[in-house]
Amino acid sequence: KNQVEQSPQSLIILEGKNCTLQCNYTVSPFSNLRWYKQDTGRGPVSLTIMTFSENTKSNGRYTATLDADTKQSSLHITASQLSDSASYICVVSAGFSGGYNKLIFGAGTRLAVHP
Amino acid sequence: GAGVSQSPSNKVTEKGKDVELRCDPISGHTALYWYRQSLGQGLEFLIYFQGNSAPDKSGLPSDRFSAERTGGSVSTLTIQRTQQEDSAVYLCASTIGGGGKTDTQYFGPGTRLTVL
């Protein structure tokens, strides 16, 4: 069964600190892996997309890594800000057929950044 | 429009009633998706529209759920005879279509449905 598991479920850090969120997946076939940020009451917003051949991708203070061999990904947030408080969702594409990506969503990690 | 919009933002209904949820995708986006987000769970795919092609309805959980997309733009998701387990946030997303494996989905803010 295709699954995406994220850890921790929730995390509290102080403003200015770094943190790393984890994602493990069992998805086949694998097409690409995405990280989304979802603010409370809003829809998810794409942060990064990585294909099989990419092992790191950055978007500002966000850096995602991918190890396709161990089927693990991480999202590292540097110098956190209060506005980083949100849920971070790991999403894996189980192939591209019928003209679209079959996306498998993790349940998300809820990050709270405190002053 | 600037982004994907959805209406209503919140909907409270009684068990057994029908509800209609609306999605306006980004102008020019040919692909549209509906997802359901239950508390503490990942988004669940419901249905996919691409241009004038027949939609992929493989994610619809029961025949009480249906969706249509008129004129290749606005979409409505209809839930008939709502049940309490239908309570969730319903999210719509659109993509430019034909973008390939790494096309980005742009999500609307969602409709929070509560069935009493």
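In this text, all values refer to a predicted model and were calculated from it rather than measured experimentally. In the text below, chain A, chain B and the rest are named by the order of the sequence lines, each starting its count at 1.
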inquiry  = Give me the atom names and distance for the closest heavy-atom approach of T70(B) to E68(B).
reply    = CG2-OE2, 4.0 Å
key: Proximal to chain A - members of residues 106-116 of chain B, heavy-atom separation under 4.5 Å   = F107(B), G108(B), P109(B)
message = Does N52(B), at its CG atom, have more than 12 non-hydrogen atoms belonging to other residues, nucleotides or ligands within less than 6.0 Å?
response = no
task = Please state whether the side chain, the backbone, both or neither of L43(B) comes within less than 4.5 Å of a heavy atom of chain A.
result = both
key: ring pair (Phe, Tyr, Trp, His ring centres under 6.0 Å) contacts in which one or both residues fall within residues 1-27 of chain A, not counting sequence neighbours   = Y25(A)-F30(A)
query = Applying a criterion of heavy atom separation less than 4.5 Å, what residues of residues 6-16 of chain B form contacts with chain A?
reply = none
ask   = Side chains of W34(B) and L21(B): closer than 4.5 Å at any heavy-atom pair?
value = yes
Largest heavy-atom contact set with chain B, pairs under 4.5 Å, which of G43(A), G106(A), P44(A), S46(A) = P44(A)
ask   = Given that the side chain runs from C-beta out, which part of T51(A) has a heavy atom under 4.5 Å from chain B: side chain, backbone, both or neither?
value = side chain
ask   = Would D39(A) and R110(A) pass as an ion pair if we require N to O under 4.0 Å?
value = no
ask   = Between I104(A) and chain B, which part of the residue has a heavy atom less than 4.5 Å away: side chain, backbone, both or neither?
value = neither
message = For F45(B) and Y33(B), take the angle between the two ring planes, folded into 0 to 90°, and tell me which bin it lands in: parallel under 30, tilted 30 to 60, perpendicular over 60.
response = perpendicular
query = Side chains of L47(A) and Y88(A): closer than 4.5 Å at any heavy-atom pair?
reply = yes
inquiry  = Below 30° counts as parallel, above 60° as perpendicular, anything between as tilted: where do the rings of Y35(B) and F105(A) land?
reply    = perpendicular
key: Residues that Q37(B) engages under side-chain hydrogen bond (donor to acceptor under 3.5 Å, both in side chains), provided they are two or more places apart   = Q38(A)
Salt-bridge contact D56(B)-K102(A) (side-chain N to carboxylate O under 4.0 Å) = yes
Side-chain ion pair, K71(A) and D69(A), N-O less than 4.0 Å = no
